[in-house]
Structures are given as structure tokens and as C-alpha cells.
Amino acid sequence: MGATKRLISDEIGLSEAAAILRGGGLVAFPTETVYGLGADATSDDAVAGIYAAKERPSFNPLIAHVASLEAARQEGVFGEAALKLAQAFWPGPLTLVVPVADTCSVSDLACAGLDSVGLRVPSHPVAAELLRRVGRPVAAPSANRSGRVSPTLAEHVLGDLDGRIDAVLDGGSAKVGVESTILACLDGGVRLLRPGGVPRDAIEAIVGPLGEEADPDDAAPIAPGMLTSHYAPRARVRLNARSVEPGEAVLLFGTEAPTHLDRAGAVLNLSENGSLVEAAAHLFSYLRHLDASGARTIAVGPIPEHDLGEAINDRLRRAAAER
Ligand code: TXA
Ligand code: MG
């Protein structure tokens, strides 16, 4: 990738940023909390680019940013509490994790394979206008490399990601400076997943006392599988398989095939030409597909540990341990 374009948030800059996003590229943009690193949330390939640019060593579900509550209701199911919260705090620094709707267009990778989706309608005028022009959900974690602080200025974004993303849309400084509050509205109750820009008191004034759960990003992985934010296949997962047992479903990478592949039930290859970005894009949808084949075990061939391989292997190791 060449140099990162710096776009001014005028008519021309906004339409160019929207065109890049619609074409599957990566654009950092301001929100009222922090700058987000945006990609078309409906494209597994575009979302894989976010992970490659950030060098994130694990796949967490990403927030899908949309222009309005109506747009959000295409993606997620809003119960009574979620609806009240959206009406009270959107647009603004609140993310609602809700069950995916039948009409959900957000990719499996952005949802990290889960049946829930994190949605937010930002209030920053540049973000709002960009989302209106893109006309699709935009996945965006904070626009920093993994392990660095969240950026509140376009300069911060460039300091971390120059040359790794297509463009940054400069909209001045992000005002809140802390990330959005994340609430899960999944089974009647409301749980706090991450404190943030909307204070607890304001939320409790709308829906009463909150249940609590640590931010999956911060929580020590006490017991793999306990984190509700991780997708677990029903099938057992067997890693570094060099040989296939009868009836196993098989997940491959590249050209190296295990022995006795003819015994396999279903076989999918994450990337025949050995691209880790392509493999990341396919990971969750292929796991789901193999799980749905009814096989009791999914045998996974070896995947290199470099670049996105680290995040792919992290996810697979969790899937293998989740029992
Ligand atoms: O203010 C913000 O929220 C910023 C701006 C750019 O909008 N974004 C941000 O994204 O902080 P990120 O990726 O750093 O944090 C997203 C958090 C993760 O901890 C993730 O686990 C949680 O949202 N999340 C998203 N969807 C989820 C889901 N379906 N279930 C559980 N957690 C979810
Ligand atoms: Mg972050």
C-alpha cells in the first residue's frame, strides 16, 4: 500500500472517503469518542484488512457504526430496553450489543462468528455524514496499532498507521477521548461490558440497575469458553492435524494437505494460495460451515504463526479449548 491520503472533511474529502470504504478500503475517521479505523462491515475481506493494519493478535467482535436507529434495526433485534437506550443516547458514545436480525448484513468476521452484533450511531458530524454516504454499516475499532493508545487526532492516526491504511479523514479532535460505553441487551437484562462515554448513572436512570461483566478485551482469560463474546463451534476442534480420521471435517490452509484426506466428511481451505488475510476473512464462516456439516470433530491443518496467523491461531486454540 502507498502513502496514506489525508482527506479534509469537506464535500470532496467526504465523498472520496465514502468511495474508498464502499470499494473495500480502509479509512480512519473521527467519532466523538476516538478516531475509528473503518471498513465496510458487510465484507469479510475489508474487515480482515482492519486486523492486518492494526496487527491485532486476536479477533474481537468489532462495533458496526450506522447512520440511524432505523439502519441499526436492519442489523440487530431491539427489545424494549435496547430501544429505550438507543432513543435516549443515540447519536452518541453508546454501543449496544443485540441479537443479529434476519436482515443483518454485518460479516461473520466483524461479529467474530457470534449471533450478536455491536451497534453504534456516532454523533460526530463528520462520522454521521460519512455513514450516511456509505449507506452500509462501517466496522471500526480505535485507529491505533494494537497495544498503543487510542487516537483523538488525525496526526495520532498517521503516527501509528501511515502507509498501512488508504486514508484518514481529518475532522479535528475527538472530544470525549474515552471509548463508547458498551451494553449487552441480549436476554431481557442489560449488562455493562465496558464503561465509557455515557456514565452508568445516566443509563441506570433509563433501565434501572445494571448487571456487570468485564470487558472481554481486558478480562484475563480465566477459563477459555467462559467469555460470552467468543464463538464456540459445537464440534471438537483438533489443531495441527497431519492426518485425517474417518468422518472428520477438515479446515486447511495453503497447499499442504494432511494424509488420508479422502476420509474427510467436508473439506474447506482458508486460502489455497497461502494468504493469511484471505484466511482471516474466511475463518468464522468456514468454521460455522464445517460445524453445520454435523461432523463431531473439525481437524485443522497447520497455520503459520506470523502476521494474521497469530490471531487466527489464537482463535483456533480457544475453539479447541472450549469444552
Ligand atoms: O468509542 C468506541 O467504541 C470506538 C469508536 C471508534 O467507535 N470503537 C472501539 O472499538 O472502541 P473496539 O474494537 O476497540 O472495541 C469494541 C469492543 C470490544 O471490546 C468488543 O469485544 C466489543 O466491543 N463488542 C463488539 N461487538 C460485540 C459483541 N457482539 N459481543 C460482545 N462484545 C462485543
Ligand atoms: Mg481499542
Side-chain angles (χ1 to χ4, degrees), residues 26-39 41 47 50-51 53-54 56-67 72 75-77 82 89-101 104 106-124 126-128 130-131 137-152 156-157 160-161 168-169 171 174-187 190-198 213-219 221 226-232 284 311 315 318:
L26 299 177
V27 179
F29 63 96
T31 80
E32 69 278 22
T33 58
V34 298
Y35 272 71
L37 175 53
V47 172
I50 291 178
Y51 286 99
K54 279 186 69 105
R56 215 176 198 179
S58 62
F59 296 121
N60 296 311
L62 301 177
I63 298 168
H65 298 72
V66 290
E75 309 301 330
V77 179
F89 299 112
W90 281 354
L94 178 71
T95 296
L96 296 173
V97 174
V98 296
V100 295
C104 184
V106 178
S107 80
D108 270 336
L109 182 57
C111 293
L114 298 170
D115 295 320
S116 61
V117 59
L119 294 163
R120 170 158 121 77
V121 179
S123 64
H124 194 293
V126 173
L130 180 65
L131 291 168
V138 171
S142 51
N144 51 281
R145 281 214 222 179
S146 191
R148 309 221 186 143
V149 294
S150 295
T152 52
H156 300 164
V157 176
D160 252 21
L161 296 171
V168 56
L169 183 58
K175 292 275 170 344
V176 179
V178 294
E179 277 113 335
S180 60
T181 302
I182 305 182
L183 299 174
C185 305
L186 291 174
D187 30 39
V190 179
R191 284 174 299 139
L192 180 65
L193 299 187
R194 178 178 78 183
V198 175
E213 185 174 303
D215 177 2
D217 268 357
D218 299 337
M226 281 191 53
L227 301 178
T228 52
S229 67
H230 287 122
Y231 161 72
F284 289 99
R315 187 73 276 276
R318 287 170 196 264

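First listed ligand is number 1; within each ligand, the first listed atom is number 1. Remember, it's a predicted structure, so these values are computed and weren't measured experimentally.
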Carboxylate-amine/guanidinium contact Asp160 Arg145, below 4.0 Å: no
May I ask you to say whether Glu32 pairs ionically with Arg120, meaning some side-chain N is under 4.0 Å from a carboxylate O? yes
For atom 2 (C) of ligand 1, which candidate among Ala127, Pro30, Pro151, Ser180 holds the nearest heavy atom? Ser180
Contacts of Tyr51 meeting ring-ring contact (aromatic ring centres under 6.0 Å, His included) (sequence neighbours excluded), chain-then-number -> Phe59
Does Asp115 have any salt bridge (charged side-chain N to carboxylate O under 4.0 Å, His left out) partners at least two apart in sequence or in another chain, and if so, which? Arg288
Within the 4.0 Å heavy-atom shell around [X], which atoms of ligand 1 are there?
X      : value
Val97  : 27 (C), 28 (C), 29 (N), 30 (N), 33 (C)
Ile182 : 17 (C), 22 (C), 23 (O)
Glu179 : 1 (O), 2 (C), 4 (C), 11 (O)
His65  : 5 (C), 6 (C), 7 (O)
Arg120 : 1 (O), 5 (C), 7 (O)
Arg194 : 2 (C), 3 (O), 9 (C), 11 (O), 15 (O)
Ala140 : 6 (C), 8 (N), 10 (O)
Ser116 : 28 (C), 29 (N), 30 (N)

Taking N or O atoms only and a 3.5 Å limit, does Asn60 qualify as a polar contact for ligand 1? no
Do any nitrogen or oxygen atoms of Thr33 lie less than 3.5 angstrom from nitrogen or oxygen atoms of ligand 1? yes
Least distance between heavy atoms, [X] atom then [Y] atom:
X      : Y      : answer
Ser150 : Val34  : CB-CG1, 3.8 Å
Ala139 : Leu62  : CB-CD1, 4.1 Å
Thr33  : Ser180 : CG2-N, 3.8 Å
Leu186 : Pro99  : CD2-N, 3.6 Å

Looking at ligand 1, would Arg56 count as a contact under a 4.0 Å heavy-atom criterion? yes
